[in-house]
Amino acid sequence: MANSSNEYSAKNINVLKGLEAVQKRPAMYIGDVGTRGLHHLVNEVVDNSIDEALAGYANNILVTINKDESVTVEDNGRGIPVDIHPDEKKSALEIVMTVLHAGGKFDKNTYKVSGGLHGVGVSVVNALSEWLKVEVKRDGKVYFQEYHRGVPVKPVKEIDKSKKNETGTKTTFLPDKEIFKQNKFKFDTLAERMRELAYLNKNITIKIKDERNGEEETYHFKGGLIEFVKYLDETREPLHKTVYIEGEKDNTPIEIAFQYNNSYNENIFSYVNNINTHEGGTHLVGFKTALTRTLNNYAYKNGLLKEGKINLTGDDFREGLTGVISVKVAEPQFEGQTKTKLGNSETKSAVETMVGEKLAEFLEENPGVGKKIIEKCLRAAEAREAARKARDLARRKNALDGMNLPGKLADCSITDPEHCEIYIVEGDSAGGSAKQGRDRRFQAILPLKGKILNVEKAKLNKILENNEIKAIISAIGAGLGADFDAAKARYGKIILMTDADVDGSHIRTLLLTFFYRHMQDLINEGKIYIAQPPLYKIKKSKQEFYAFDDNERDEILKRLKSNGKESEEETEENASEETSTKGVLISRYKGLGEMNPEQLWETTMNPETRTVLQVNLESAAAADKIFETLMGDAVEPRREFIEKNAKYVRNLDI
Ligand code: 0RA
């Protein structure tokens, strides 16, 4: 008898070619094969269920992280069609799961994404999975198919009956360990995205479960973006009830919510087809233009601007503004460095027109709110004027423009930013070691004294008076805030090097807050890094090893133990003192200052041997929330956040 499985595989030559392309160059399809890429696999599968929900057929999505690190995504949509495709002689389900970009062919009415990382199709997830199993409930039956590294094991098969009215799709996959070296899913990373999706799509309920530890969350937000804005401003005080705009203009569904609060930061997050457009684009421009024009008109018409006083600029209308803009675009064009900038020009006019009309209406109906908003903007204009004066003063003294580099900076000799890096180092003693240990050709060192100012709580003019911050601004030499120009940065890498203790992590967070609020393009362009100094030195006779965490320490000790039978184990938890066990010496570094220049170079600064973490903005909304919670005025949410997320904060990967 013929081996049906082999015969079956033989028909899949074209499919194999497609899958191989994905397996050979996974990063081309999912961005990278690190933690980020791993989590994108789940997002990709969930996106398909969200599409089904947006088409009006599903309202429930369940994501489960299973004990074996596989993930299951279930929805109650129509179920992927299973009928046999007349040309291909295969089930539609099989085609969706194995042919690149086949998903979209079946349904043209939803807002699919082209370009960017999402929307590559579930077949990409299939190609990058050791195995994937899909179950479809349709027409009172349950259909099933399984794949190994994207290749179907058998044709689609009916495996059960289901209740007539029950429909849906359930996909379970185990990412390929040969491709994803880091294959552990983080609940928080997935949950953050599910929460965001639930805010952006108010009719859907998304539940996420972690079978590894029983953790689970259910997200459903009746108020949609209104609740999203409230969540973002949980630790700030809103000045009025949230402005909410919803509707469709020129076939573009638009949803916007915003409010002014008691902070000085602008926090507008924009989305296209549920994707965070970090770099903004036409929808955001349309919103800003309409906001400035409508508020200016309103202020003028109602006599709220005093004759001869300050003019209000666009920036003034956005100080202390938190808002979310979400649009659905049928054929989005994504541009920019990270392909997260919307290019469609028709979207600008759609958003601009809609916001112009509806905001004017809102202001007429809520004159009290209108007055409060204009007063807030006038205060912003006054502060801007004060900051401008402070900046002019500082400029005259050459403190900010890089002409006069800070005295503490040990600059490098090469001047091409591409090849230069600056270490911003906690404390003078570590700064001293770093200066001696560095390669002075391309590495600059800027030591900082103590804690820098918390920019989350300060107005711009105060920020500009702070010496440590002035030193950072002038060393980088690219201006600040609205005037910041990342292209002028004097270094291609900016590396934050702080101690591996509580103070060090606080200083690192203060620095990240500063870069996030005032030099965000450095983060967008991937120029900010976090140095990773070792936690332990392990010495055995003449050999020295460094361990960067407890696991690594234990592994090194195990290796040494199995090499030399004489060195019995006895690894102490929290060995903060030098611990000697039969010739093995373990010391824990208390701070960077304890390392001599050679050690610092070898472990933390030598590009050949060091590890540095690149800081990226996976979710700008999440980053904003973290900074505001950690650095803002409200104490109680901060305490709660730290208690709940102690682990997460330590590994702050904004
Ligand atoms: C195209 C057509 C139909 C359903 C789907 C796609 C669909 C895809 C996914 C992916 C995950 N969950 C899904 N649910 C549905 C149905 C066409 C019809 O029934 O007429």
Side-chain angles (χ1 to χ4, degrees), residues 29-30 39-64 70-88 90-114 117-129 131-147 150 152 156 158-159 162-175 190 193-194 197-198 200-201 203-208 219 273-275 328 330:
Y29 296 84
I30 55 160
H39 291 82
H40 267 300
L41 298 179
V42 181
N43 294 338
E44 186 59 43
V45 180
V46 171
D47 279 353
N48 290 300
S49 297
I50 295 277
D51 283 344
E52 184 67 0
L54 289 181
Y57 299 102
N59 60 3
N60 255 308
I61 299 174
L62 170 63
V63 178
T64 312
S70 68
V71 168
T72 304
V73 178
E74 284 175 80
D75 67 58
N76 63 344
R78 290 166 293 178
I80 302 176
V82 291
D83 39 10
I84 302 295
H85 194 278
D87 303 335
E88 314 262 352
K90 282 183 201 167
S91 161
L93 173 62
E94 177 173 332
I95 296 171
V96 168
M97 300 309 291
T98 58
V99 180
L100 297 183
H101 299 292
K105 278 188 210 150
F106 290 87
D107 214 339
K108 292 218 169 57
N109 300 323
T110 55
Y111 296 96
K112 294 253 180 336
V113 181
S114 59
L117 292 180
H118 301 255
V120 288
V122 69
S123 57
V124 168
V125 177
N126 198 7
L128 301 177
S129 294
W131 53 260
L132 183 147
K133 298 173 191 178
V134 61
E135 256 180 63
V136 170
K137 278 190 232 162
R138 265 179 93 94
D139 315 322
K141 294 175 181 131
V142 183
Y143 300 90
F144 174 85
Q145 191 167 38
E146 178 173 353
Y147 317 80
V156 172
E158 185 189 321
I159 55 162
S162 77
K163 293 200 194 95
K164 189 81 192 158
N165 58 353
E166 258 185 18
T167 59
T169 305
K170 173 175 168 181
T171 310
T172 304
F173 65 97
L174 180 72
L190 293 178
R193 174 65 180 156
M194 298 312 135
L197 283 169
L200 292 167
N201 306 281
N203 301 317
I204 309 180
T205 302
I206 309 179
K207 182 170 176 180
I208 173 163
Y219 301 117
N273 302 352
N274 293 325
I275 294 189
K328 301 282 183 339

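Owing to the predicted nature of the structure, the values given are computational and were not obtained by experimental measurement. Whatever order the structure lists ligands and atoms in, that order sets their numbers, starting from 1.
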Distance check, rounded to the nearest 0.5 Å: Lys137 atom NZ versus Glu74 atom CD? 7.0 Å

Please identify which atoms of ligand 1 are closer than 4.0 Å to at least one heavy atom of Thr169. 12 (N), 13 (C), 14 (N)

I'd like the name of whichever of Lys170, Met97, Arg138, Glu52 reaches closest to atom 19 (O) of ligand 1 through any heavy atom. Arg138

Does any part of the side chain of Asp75, heavy atoms only, come nearer than 4.5 Å to the side chain of Asn48, both counted from C-beta? no

Distance-only polar pair, side chains of Gln145 and Tyr147, donor-acceptor under 3.5 Å: yes

Close-contact set for ligand 1 against Asp75 heavy atoms, below 4.0 Å: 11 (C), 12 (N), 13 (C)

Donor on one side chain, acceptor on other, Asn274 and Asn201, under 3.5 Å: yes

Test of understanding: given a 4.0 Å heavy-atom threshold, classify the contact between Ala58 and ligand 1 as side chain, backbone, both, or neither. neither

